[in-house]
Amino acid sequence: MNWLKKLSVLMVVFIMFGSLAPAVYADGDEREVDYVALGDSVTAGMTYYGGYDLGYVDYLAAKMESSGYDVDYENFGVAGHTTSHLLSVLKNEDVIEEIEEAELITITIGANDFINALKTCDITENEIDFKTCDPPAFTSALNNVSNNLPEALDKIKRTNPNANVYVMGYYNAFPYKSIEEQTQIIPLLNNLNSIIEIYTDFYGYTFIPAEEVIAQNYVKYLPNPADIHLSKEGYEVIADEFWKSIQQKDFFEGHFEDENDDDNEEDED
């Protein structure tokens with residue numbers, strides 16, 4: 001992680017928690033965490049006004065920093081990436097090297113397979129008419145996710161079987177559409193999330209649902225009806241969902257216990 005990104009995280013810690021001083025453990029050491037983020041524009045931190053800012057990855061790193069972890073993270077999220085793109089990313093040697101060292105990996109992928117199918121719909125001035133969409137295009141999109149996602153997760157599992165991987169489900173990015181159109185959108189979203197959850201569970205990873213938490217206040221979290229991306233507050237609540245699950249799994253403790261055991265063995269030698 002470059003120094004500008006590190007500075008950004010420290011500033012987020014300061015703003016969110018009022019202090020730049022992380023918690024210190026009894027032995028006086030901060031716990032180091034290597035974190036890799038993979039995925040699409042949600043991972044990349046694209047905003048609802050078209051630019052980039054701090055996203056859930058940054059806020060999640062800040063939460064870990066504030067809890068006493070020294071986080072080194074790499075964000076490989078790219079706007080527009082589909083599950084096919086993720087497979088290409090996983091052929092990049094630099095990415096693989098980071099995954100090999102990672103204790104934590106988070107992923108958002110699959111929505112753009114769905115979004116690309118919207119090209120079959122009538123679109124006027126950024127308004128999508130869901131009634132005109134081609135159903136086979138969405139079937140094809142879901143098939144792509146079903147084929148590519150398990151291949152990607154399998155590659156990650158083989159690269160680093162000890163990594164703790166969290167894969168996010170998607171929120172309804174079109175909450176301002178009519179009730180009639182929602183009857184078409186919601187089943188597609190549910191199918192996409194079901195596929196993501198099934199393969200996430202199959203590989204022993206953790207699924208992070210996002211639909212309900214964003215729906216609770218979509219006006220605040222998705223303030224631009226013409227854009228599918230989250231507000232700062234939206235990314236913060238997504239980070240909260242990841243963080244709650246990470247704390248429940250408590251995987252950091254196990255990791256550090258293993259490290260301490262290794263250190264003790266070296267001291268005995």
**Asked** Can a donor-acceptor pair be found between the side chains of N144 and T83 at a distance below 3.5 Å?
**Response** no
**Fill in**
Closest heavy-atom pair, V78 versus A44, reported as atoms and distance to 0.1 Å, is N-CB, 4.2 Å
**Complete:** When rounded to the nearest 0.5 Å, the distance separating CG of N112 from NE2 of H81 is 9.0 Å
**Item:** Heavy-atom side-chain contact between I156 and Y203 under 4.5 Å
**Value:** no
**Request:** Anything under 30° is parallel, anything over 60° is perpendicular, the rest tilted; go ahead and classify F138 against F114.
**Result:** tilted
**Prompt:** Stepwise, does the side-chain contact (heavy atoms from CB on, under 4.5 Å) test hold for V57 with Y59?
**Reply:** CA-CA 6 Å; V57 174; Y59 292 118; over 6 Å; no
**Request:** Kindly determine whether Y35 and T106 satisfy side-chain contact (heavy atoms from CB on, under 4.5 Å), including the steps that lead there.
**Result:** CA-CA 8 Å; Y35 168 27; T106 63; 2.8 Å; yes
**Item:** Distance (rounded to the nearest 0.5 Å) between E181 CD and D129 CG
**Value:** 6.0 Å
**Request:** Look only at the side chain of K131 and the backbone of E180, and say whether a donor-acceptor pair between them is shorter than 3.5 Å.
**Result:** no
**Message:** Out of the candidates L222, I115, N172, only one should pair with I228 under the side chain to side chain contact (heavy atoms under 4.5 Å, CB included) rule; please name it.
**Reply:** I115
**Prompt:** Can you check whether E103's main-chain N or O pairs, donor with acceptor, with N164's side chain at less than 3.5 Å?
**Reply:** yes
**Item:** Flag side-chain contact, heavy atom, 4.5 Å: S41 against H229
**Value:** yes
**Item:** From CA spacing to verdict: side chain to side chain donor-acceptor pair (under 3.5 Å), T47, Y235
**Value:** CA-CA 9 Å; T47 68; Y235 281 121; over 6 Å; no
**Asked** With the threshold set at 4.0 Å, does a side-chain nitrogen-carboxylate oxygen contact exist between K63 and D240?
**Response** yes
**Asked** T82 versus N148: any side-chain heavy-atom pair under 4.5 Å?
**Response** no
**Item:** E32 and D70, any side-chain heavy atoms less than 4.5 Å apart
**Value:** yes
**Message:** Any heavy-atom pair between the side chains of V219 and Y176 that's under 4.5 Å?
**Reply:** yes
**I238 and M168, any side-chain heavy atoms less than 4.5 Å apart** = yes
**Message:** For a quick test of reading the model, state the closest non-hydrogen atom pair linking A163 to A102 and the distance between them.
**Reply:** CB-O, 3.8 Å
**Message:** Would you say L149 ends up clustered with L87 if hydrophobic residues are merged whenever their side chains have heavy atoms under 4.5 Å apart, either directly or through other cluster members?
**Reply:** no
**Prompt:** Under the side-chain contact (heavy atoms from CB on, under 4.5 Å) criterion, do L153 and K157 qualify, and how do the steps go?
**Reply:** CA-CA 6 Å; L153 296 179; K157 177 71 79 174; over 6 Å; no
Side-chain polar contacts of residues 192-202 - donor-acceptor pairs under 3.5 angstrom, sequence neighbours left out - could you list them?
{"from": "N193", "atom 1": "OD1", "to": "Y170", "atom 2": "N", "distance (Å)": "2.6"}
{"from": "N193", "atom 1": "ND2", "to": "Y170", "atom 2": "O", "distance (Å)": "3.0"}
{"from": "S194", "atom 1": "OG", "to": "N190", "atom 2": "O", "distance (Å)": "2.8"}
{"from": "T200", "atom 1": "OG1", "to": "I196", "atom 2": "O", "distance (Å)": "2.6"}

**Message:** Quick check: do Y171 and L230 have side-chain heavy atoms less than 4.5 Å from each other?
**Reply:** yes
**Minimal non-hydrogen separation, D58 against L54, with atom names** = OD2-CA, 3.4 Å
**Complete:** Nearest heavy-atom contact between C121 and I128 is CB-CG2, 3.9 Å
**Message:** Would you say T108 and Y56 are linked by a side-chain donor-acceptor pair, where the criterion is simply a distance under 3.5 Å?
**Reply:** no
**Item:** E236 side chain to S231 backbone, donor-acceptor under 3.5 Å
**Value:** no
**Message:** Could you measure the distance from the CG atom of D227 to the OH atom of Y49? Nearest 0.5 Å is fine.
**Reply:** 11.0 Å
**Prompt:** Out of N75, T43, I99, which residue meets the side chain to side chain contact (heavy atoms under 4.5 Å, CB included) rule with L38?
**Reply:** I99
**Fill in**
Rounded to the nearest 0.5 Å, the CG atom of L189 sits from the CD1 atom of I185 at a distance of 9.0 Å
**Message:** Assess the residue pair E211 and I186 against the criterion (side-chain contact (heavy atoms from CB on, under 4.5 Å)); give the C-alpha distance rounded to whole Å, side-chain angles, the decisive distance to 0.1 Å, and a yes or no.
**Reply:** CA-CA 10 Å; E211 183 178 4; I186 296 302; 4.2 Å; yes
**Message:** Strictly distance-based, threshold 3.5 Å: is any side-chain N or O of E74 a donor or acceptor partner for the main-chain N or O of V95?
**Reply:** no
**Request:** For residues D40 and G110, report the shortest heavy-atom separation together with the two atoms involved.
**Result:** OD2-N, 4.4 Å
**Prompt:** Does a sphere of radius 6.0 Å around CD in E212 hold more than 12 heavy atoms from other residues, nucleotides or ligands, not counting ones at 6.0 Å or beyond?
**Reply:** no
**Asked** Any ion pair linking E151 and K155 (charged N to carboxylate O, less than 4.0 Å)?
**Response** no
**Polar side-chain atom of S140 near backbone of P136 as donor-acceptor pair, under 3.5 Å** = no
**Request:** Taking all heavy atoms of T120 and all of A137, pick out the closest pair and write down the distance.
**Result:** CG2-CB, 3.6 Å
**Message:** Donor-acceptor check, side chain of N191 to backbone of P187, threshold 3.5 angstrom: yes or no?
**Reply:** yes
**Complete:** Interatomic distance, CG@L60 vs CD@E65, rounded to 0.5 Å, equals 11.0 Å
**Item:** Value rounded to 0.5 Å, distance of CD1 in I123 from CZ in F130
**Value:** 9.0 Å
**Side chain proximity check, N160 to I105, heavy atoms < 4.5 angstrom** = no
**Asked** In terms of hydrophobic clusters joined by side-chain contacts under 4.5 Å, are F174 and Y48 together?
**Response** no
